S.K.: 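Dropping a structure here in C-alpha cells format, bear with me for questions.
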Amino acid sequence: MDPIGCRAHGLCADLLPELVRLDEWGFPVVAPGAVPAALATEARRAAAACPALALRLQR
Ligand code: SF4
C-alpha cells in the first residue's frame, strides 16, 4: 500500500475485510505476510478497484 497515494476511500477494506481494516482516520492497515491463496482473487479485485492506484500486490 502506498501511504502517500492513498486517499482513505476505504474501498479496499470493503472488498477485502479479511486482510484490510481501517484505522481511526480511515486509512487501511493491511495484514502482514502473503495473501492466502484462497483470497487471491479478492485481493486482485481490491487492488484493481483502488481509485488512487495505491494498493498493489507484490509477487
Ligand atoms: S481503496 Fe485505495 S485509496 Fe482507498 S483506502 Fe484503500 S488503498 Fe487507500
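Note: hydrogens, waters and symmetry copies are ignored here, and every other heavy atom, side chains too, is used. Just so you know, these numbers come straight off a predicted model, no measurement behind them. Both counts, for ligands and for their atoms, begin at 1 and track the order of listing.
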S.K.: Report the protein N/O/S neighbours of atom 2 (Fe) of ligand 1 that fall below 2.8 Å; do not count waters.
M.R.: Cys50 SG

S.K.: So does Gln58 have more than 12 non-hydrogen atoms from other groups sitting under 6.0 Å from CD?
M.R.: no

S.K.: Could you list the atoms of ligand 1 found under 4.0 angstrom from a heavy atom of Gly10?
M.R.: 4 (Fe), 5 (S)

S.K.: Looking only at heavy atoms, which two atoms of Cys12 and Leu55 are closest? And how far apart?
M.R.: CB-CD2, 3.5 Å

S.K.: When rounded to the nearest 0.5 angstrom, what distance separates CD in Glu42 from CG in Leu16?
M.R.: 7.0 Å

S.K.: Using only atom types and a distance under 3.5 Å, with no angle test, would you say the side chain of Arg21 pairs donor to acceptor with the backbone of Glu18?
M.R.: no

S.K.: Specify the closest pair of heavy atoms between Ala54 and Gly5, including all atoms of both residues, with the distance to one decimal.
M.R.: CB-C, 3.8 Å

S.K.: Please find the pair of heavy atoms, one from Ala47 and one from Leu57, that lie closest to each other, and give the distance.
M.R.: CB-CG, 4.4 Å

